[in-house]
2 protein chains.
Amino acid sequence: MPRTKSYDDKIVLERAMNVFWNNGYEATSVRLLEKEMGINQFSIYSSFSSKKQLFIESIRTYGEHVKKNVYQDLLMEGAGMKELEHYLYRAARKKREPGTSRGCLVVNTAAEIGRSDEDIVREVNGYFGFIRNMLRKVLQTAVAKGEISATTDIEKQSAFFLGVMQGLSVASKTMDPDQLNDFISLAVKQIQ
Amino acid sequence: MPRTKSYDDKIVLERAMNVFWNNGYEATSVRLLEKEMGINQFSIYSSFSSKKQLFIESIRTYGEHVKKNVYQDLLMEGAGMKELEHYLYRAARKKREPGTSRGCLVVNTAAEIGRSDEDIVREVNGYFGFIRNMLRKVLQTAVAKGEISATTDIEKQSAFFLGVMQGLSVASKTMDPDQLNDFISLAVKQIQ
DNA sequence: TTCATATCTAACCAAACGCTTAGAAACAGG
DNA sequence: CCTGTTTCTAAGCGTTTGGTTAGATATGAA
């Protein structure tokens, strides 16, 4: 009976994610969101309740985004050191032209919001928990494959590489490609 | 002849730095600034011209702050690996109670503002250039002292530790103290 | 004591903020 | 073709934003 929606929640959510990713949470206005999402404020609020809730769903969408487009190789069965190194070097090489390196949305959020909003902290922790688990599994596979020592401390190493990835997100905005490459090459060498 | 100022620019600037450090740039309003700085908007604007200029001077003040209170040991003549390790472990252990770990103001700024404002980018680059030079000098001293190999690639290693420090700033908001310690212990071990 | 000059208080500005709402428009089952 | 329900448009809500201004208040050299 009702009128049908003229937009797809998933699609406009991905657009919202990109707006937050480009500008940060506070610097993103609802006016800018309605412009970039292609729907007006009424639709934003009726679908996503509030700017904060839209941001939280954007973070979740970002999690799905990176699973498909950033960490896809690392998430495949059998991914080990080769895939981890490949990802890190690729991330260091990115330095995209259009957005001029916007880093990781969740790192940006952790830096901007800190611990002042517990709902957002929950999303941030969930995201990094996922990344950490991905790293644990990759490192376990690397041990099984004999790429790294059987005595490797998986907990320590996964914490290390998570820290490196968080550093890489910031460094991608502040270092030139050569520095980034040096940073990653030593991080990777460390495990051998 | 004129009426004298009732406040000290340096003192109110340090207060402004803390407000930006706690809340980020966008989330800091001029009303909050006047409350925390203890002077009113007229005085803020007559002394610092604009919110952005006040922020830029706050970043410079932060640079002075860390020279005196954070990197003082690393900046002393003769500081080498021992001092670098000591600093990193201390930073990993901090997790302050009042502000609940606000990270590094300049890392937060790089993450929040990105490259969208060139005046701020200039300050950020200046700050990290200084840190990088500090690391270079510490590593050179460490070589001279025989703490690390004479064949150490100072450029690579200083880029690595800068990346680690940027990661540490983010990680201090997202990791628990044990993880942080693991992260740092492997970063330090890497150079040996 | 006068007086030019700078600082202070407090009210004020237009614009932008997040969010809401009344009424028109579109749909699908009866 | 109704009719109930939902979505849409567009105007509007009160509040807060960064920044300004008029006039009162100090100040210290002359």
Side-chain angles (χ1 to χ4, degrees), chain A residues 1-59 61 109 112-113 116-120 123, chain B residues 1-59 61 105 108-109 112-113 116-120 123:
Chain A
M1 301 129 125
R3 180 172 178 175
T4 52
K5 268 192 191 178
S6 65
Y7 58 92
D8 182 321
D9 278 22
K10 276 196 175 178
I11 290 175
V12 297
L13 203 42
E14 251 170 56
R15 293 183 188 147
M17 172 196 81
N18 276 299
V19 181
F20 284 123
W21 197 357
N22 284 324
N23 307 304
Y25 178 70
E26 291 289 347
T28 296
S29 71
V30 181
R31 265 78 176 179
L32 179 59
L33 283 167
E34 69 174 329
K35 195 179 151 197
E36 297 293 318
M37 293 169 78
I39 60 178
N40 63 16
Q41 295 199 47
F42 171 87
S43 300
I44 291 177
Y45 283 97
S46 78
S47 281
F48 306 105
S49 305
S50 68
K51 183 191 173 187
K52 183 177 135 180
Q53 192 56 37
L54 174 59
F55 182 59
I56 286 176
E57 298 202 32
S58 293
I59 293 178
T61 299
T109 301
E112 182 184 346
I113 313 290
S116 63
D117 186 299
E118 61 176 22
D119 297 321
I120 293 176
E123 296 302 316
Chain B
M1 296 128 125
R3 179 174 179 175
T4 52
K5 268 192 192 177
S6 65
Y7 59 94
D8 181 322
D9 278 22
K10 276 197 177 178
I11 289 175
V12 296
L13 202 43
E14 251 169 57
R15 293 183 188 148
M17 172 196 80
N18 276 299
V19 181
F20 284 123
W21 196 357
N22 284 325
N23 306 307
Y25 178 70
E26 291 289 348
T28 296
S29 71
V30 181
R31 265 77 178 179
L32 179 59
L33 283 167
E34 69 175 329
K35 195 178 150 196
E36 297 294 317
M37 292 169 80
I39 61 178
N40 64 16
Q41 295 200 51
F42 171 87
S43 299
I44 292 177
Y45 282 97
S46 77
S47 281
F48 306 103
S49 306
S50 68
K51 183 190 171 188
K52 183 178 134 180
Q53 193 55 38
L54 174 60
F55 182 59
I56 285 176
E57 298 201 31
S58 294
I59 293 178
T61 300
L105 170 62
N108 295 351
T109 301
E112 182 185 346
I113 313 290
S116 62
D117 187 298
E118 62 177 20
D119 297 321
I120 293 175
E123 296 304 316

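Throughout, protein chains are lettered first and strands after them, A, B, ... in sequence-line order, and every chain is numbered starting at 1. Treat the numbers as computed from the prediction; the structure is a model and nothing was measured.
- For the pair A:K51 and A:Y25, the cation-pi test (distance below 6.0 Å, angle within 45°) is passed.
- Atom P of nucleotide C:dT7 and atom CG of B:D8 are separated by 14 Å, given to the nearest angstrom.
- Residue-level contact check: B:S46 touches neither bases nor backbone, having no heavy atom under 4.0 Å from any strand.
- Between the side chain of A:R3 and the base of D:dT6, no donor-acceptor pair of N or O atoms lies under 3.5 Å.
- Rounded to whole angstrom, the span from the NZ atom of B:K35 across to the C1' atom of C:dT9 amounts to 19 Å.
- Per the geometry, CD belonging to A:Q41 stands 14 Å off C1' belonging to D:dC8, to the nearest Å.
- Position along DNA chain D of the nearest nucleotide to B:T28 versus B:T4 favours B:T28 as the more 5'-ward residue.
- A straight line from CD of B:E34 to P of C:dT9 spans 10 Å, rounded to a whole angstrom.
- Counting to the nearest Å, the P atom of D:dG19 and the CG atom of B:L54 are 10 Å from each other.
- The distance between atom CG of B:N23 and atom C1' of D:dT17, rounded to the nearest whole Å, is 15 Å.
- At a threshold of 4.0 angstrom between heavy atoms, the contacts of A:S43 are confined to the sugar-phosphate backbone, with no base atom among them.
- Residues satisfying the side-chain contact (heavy atoms from CB on, under 4.5 Å) criterion with A:E26, sequence neighbours excluded, are A:E112, B:E26, B:A27.
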* CA sep, side-chain torsions, deciding dist, call: B:N108, B:F20, side chain to side chain contact (heavy atoms under 4.5 Å, CB included) -> CA-CA 10 Å; B:N108 295 351; B:F20 284 123; over 6 Å; no
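- Nucleic acid contact class of B:Y7 (heavy atoms, under 4.0 Å, all strands): sugar-phosphate only.
- Among the nucleotides C:dG18, D:dC8, C:dA28, the one closest to the side chain of A:Y45 is C:dG18.
- In this structure, A:F42 places its CZ atom 10 Å from C1' of D:dT9, rounding to the nearest Å.
- A side-chain donor-acceptor contact under 3.5 Å links A:E34 to the backbone of A:Q41.
- A sub-4.0 Å separation between OP1 or OP2 of D:dT9 and a side-chain N or O of A:N40 is present.
- In terms of the salt bridge (charged side-chain N to carboxylate O under 4.0 Å, His left out) criterion, A:K35 has no residue partners (sequence neighbours excluded).
- Among the nucleotides C:dA25, D:dG28, D:dG18, the one closest to any side-chain atom of B:R31 is D:dG18.
- The interatomic distance linking A:K5 (NZ) with D:dT5 (P) rounds to 19 Å, in whole Å.
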